[in-house]
Protein chains: 2
Amino acid sequence: MEHENDITAPLSRRERPAKTPLTREGIIDVAVTILENEGLGKVTMRRIAADLDTGAASLYVYVRNTEDLHARILDALLGRAAPLPRAGSWRERLVALLTGYGTVLFEHPEIARMTMTTHPVGPHYFRLVESILEALSEGGVPDPVAAWAVDVLLASVTASAAEHSGPSTTGEGSEALAVLAARIAITSGETYPHIVRLGDEMLSGTGMERFTWGLDVLINGILNTPRTPSASASS
Amino acid sequence: MEHENDITAPLSRRERPAKTPLTREGIIDVAVTILENEGLGKVTMRRIAADLDTGAASLYVYVRNTEDLHARILDALLGRAAPLPRAGSWRERLVALLTGYGTVLFEHPEIARMTMTTHPVGPHYFRLVESILEALSEGGVPDPVAAWAVDVLLASVTASAAEHSGPSTTGEGSEALAVLAARIAITSGETYPHIVRLGDEMLSGTGMERFTWGLDVLINGILNTPRTPSASASS
DNA sequence: ACCTGAACACCGTTCAAGT
DNA sequence: ACCTGAACACCGTTCAAGT
């Protein structure tokens, strides 16, 4: 029984298997684990290095800098997502595609926030874009419109997920708005009549209901908004 | 002449006018100045304090923490923006309102990024919301739709501005996409046929053209998407 | 009440030196 | 080529002590 369960004894090679040789994949893996357990704030070079039993400097062989690291995490998360839908009408498929993407980002709001600025790259993201274009094309959306629509759709989903971020617990954002609305109502019922009147309505609905409605707005808008080559000159 | 121009002598009350008494307004002012000259990255407690000839700890009397500080900066920026439009049709006014808001955020993409998560508060933001609701109401948009639409519109503008952020120079984002598209074309012309075919189209247009089109999509969508009270139960 | 210096617990990144 | 320790130049926040 010597020190078989002796926690204080230094870890032998047997117990900690040879200290994995440090690959980019391994680094990203550790990063994703930390992200899922402790949030993006803890995903630092130093912390990842510590989990890998090395110094932060060692990571710079595999990732250029922190931004690069984050972009790669995003790619990895997309890879872990559900497979893309193949059944249903083009519109059902489109909604499913965007909802699936949204689900990943809603589960990792900090990543969503990041995605606002760091463009995703990698095969999984491109397959998603490809599928969206395919659905739009099947829906009879003209190529020029579809080309711009992908961006609008994906950005909207990302923004939606990013909004539900923040360091606080679930309903904090809405609560802040509610408190605020109340304060406004007290301060000046006359200055902001519309806000006072629609205050409750503005806070109504679940996240999912609003998300779905937003998608409908976008798709309906896309179906009703031609892209004039550049019609800003004439009246 | 004693030490009238003696740089090494400690600054007297006359030369540095009494060291402004440290108000919240003064703090935010310095923060905005640093933001405009050196970017959000330099807007740190320590740096602001240094510009104010004090220690970082002193700021905590006036701002709760860094997030609070940032939210107040945003409010200040909104206050510096152009006055809200009062002329034109409801739709023209709506577009003008959103374009004006967008302009502020496009000039400060880092703030836009921040706005994705930190909800703006303050009189200027509310006046904007109020005006949007007013325009939508005049446009015959039903109250429940208008209430949700404000959010979608503002979030979309914010997201649009945030996208053009990033630490790099102007066209970096698109360039990355282009490089990427090229890589895809080489790697697998067969796996992503739609992307390859629409690659150029996806990168076409100026930021303003895309922004305006996006607004049209949204408004058209809003005009064509009713809000069923909660119709997800029935088929 | 407001202000301050010093301390605590962190960061990213670089570099010379090792293997 | 890969890895490392140490160093550089920073952070936010707290706290006891001053005024």
Side-chain angles (χ1 to χ4, degrees), chain A residues 10-11 13 16-35 37-74 110-111 113-114 117-118 165-168, chain B residues 10-11 13 16-31 33-35 37-74 110 113-114 117-118 165-168:
Chain A
L11 295 171
R13 272 124 264 112
R16 188 170 347 136
K19 206 183 120 185
T20 343
L22 208 37
T23 63
R24 180 144 63 204
E25 241 198 15
I27 291 170
I28 306 299
D29 251 41
V30 169
V32 170
T33 303
I34 297 174
L35 170 71
N37 294 332
E38 305 175 55
L40 191 60
K42 297 286 182 185
V43 183
T44 66
M45 294 293 195
R46 291 180 120 103
R47 175 59 201 285
I48 294 168
D51 280 18
L52 251 23
D53 284 313
T54 183
S58 305
L59 304 181
Y60 284 77
V61 178
Y62 303 99
V63 291
R64 190 185 310 276
N65 52 32
T66 304
E67 197 190 337
D68 182 36
L69 172 74
H70 285 172
R72 290 179 195 280
I73 290 175
L74 178 61
E110 291 168 309
I111 299 293
R113 198 166 82 213
M114 200 177 77
T117 60
T118 305
S165 192
S168 38
Chain B
L11 294 170
R13 274 125 261 114
R16 184 164 358 129
K19 205 184 120 184
T20 344
L22 208 38
T23 62
R24 178 144 63 205
E25 241 195 16
I27 291 170
I28 306 300
D29 251 39
V30 170
T33 303
I34 298 175
L35 170 70
N37 293 332
E38 306 176 54
L40 191 60
K42 296 287 181 184
V43 183
T44 66
M45 293 293 194
R46 291 180 120 103
R47 176 59 200 285
I48 293 169
D51 279 17
L52 251 23
D53 285 312
T54 183
S58 305
L59 304 181
Y60 284 79
V61 179
Y62 303 98
V63 291
R64 190 185 309 277
N65 52 34
T66 304
E67 196 188 338
D68 182 35
L69 172 75
H70 284 174
R72 290 180 194 280
I73 291 175
L74 178 62
E110 291 168 308
R113 199 166 80 211
M114 201 177 75
T117 60
T118 305
S165 192
S168 40

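What you see is a predicted model; the values in this text were computed from it and never measured. Protein chains get the first letters and strands the later ones, always in sequence-line order, with residue 1 at the start of each.
- Between D/dC3, C/dC11, C/dC2, one nucleotide has an atom nearer to the side chain of A/T44 than all others, and that is C/dC11.
- Side chain of B/Y62 to main chain of B/L22: a donor-acceptor pair is present (N/O by atom type, distance under 3.5 Å, no hydrogens or angles).
- In this structure, the CG atom of A/D53 is 13 Å from the P atom of D/dC3, given to the nearest Å.
- Nearer the 5' end of DNA chain C, as judged by each residue's closest nucleotide, is the contact made by B/V61, out of A/N65 and B/V61.
- As rounded to whole Å, 12 Å separates atom P of D/dG5 from atom CZ of A/R46.
- For D/dT13, the OP1/OP2 oxygens have a side-chain nitrogen or oxygen of B/T66 closer than 4.0 Å.
- Checking C/dC2, D/dC11, C/dT14 against every side-chain atom of A/A57, the shortest atom distance belongs to C/dT14.
- Distance CD1 (A/I48) to P (D/dC3): 15 Å, rounded to an integer number of Å.
- Side-chain contact between A/L74 and A/H70 is absent, with no heavy atoms from C-beta onward closer than 4.5 Å.
- A/T54 has no side-chain polar atom (N or O) that falls below the 4.0 Å cut-off from OP1 or OP2 of D/dC3.
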Encoded 5' to 3' (Watson-Crick or G-U under 3.5 Å; [ ] crossing; | other strand), DNA chain C becomes ||.|||||...|||||.||
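- Spacing of C1' atoms, C/dC10 relative to D/dA9, comes out at 14 Å, to the nearest Å.
- Atoms OG1 and CD1, on A/T23 and A/I28 in that order, are 9.0 Å from each other to the nearest 0.5 Å.
- If you take CZ of A/R47 and P of C/dG12, they are 12 Å apart, rounded to a whole angstrom.
- Using a 4.0 Å heavy-atom criterion, one finds that A/S58 contacts the bases of the nucleic acid, with or without backbone contacts as well.
- In this structure, A/L22 places its CG atom 15 Å from C1' of C/dT19, rounding to the nearest Å.
- The distance from atom CE of A/M45 to atom C1' of C/dC11 is 11 Å, rounded to the nearest whole Å.
- The number of heavy atoms from other shown groups lying within 6.0 Å of CD (A/E38) is above 12.
- Rounding to the nearest 0.5 Å gives a distance of 11.0 Å between CG of B/D53 and OG of B/S58.
- Between A/Y60 and D/dC3 there is no side-chain N or O to OP1 or OP2 distance below 4.0 Å.
- A 4.5 Å side-chain heavy-atom check between A/L35 and A/I111 finds at least one atom pair inside the cut-off.
- Regarding B/L52, its CG atom lies at a distance of 14 Å from the C1' atom of C/dT4, rounded to whole Å.
- Residues B/K42 and A/Y62 each lie close to DNA chain D; by heavy-atom proximity, the contact nearer the 5' end of the strand is made by A/Y62.
- No side-chain heavy atom of B/N37 sits less than 4.5 Å from a side-chain heavy atom of B/K42.
- Of the candidate nucleotides D/dC11, D/dT13, C/dT13, C/dT13 has the atom lying nearest to any side-chain atom of A/A56.
- Rounded to a whole Å, the CG atom of B/L59 is 12 Å from the P atom of C/dG5.
- Counting only heavy atoms from C-beta outward, the side chains of B/L69 and B/V43 approach each other to under 4.5 Å.
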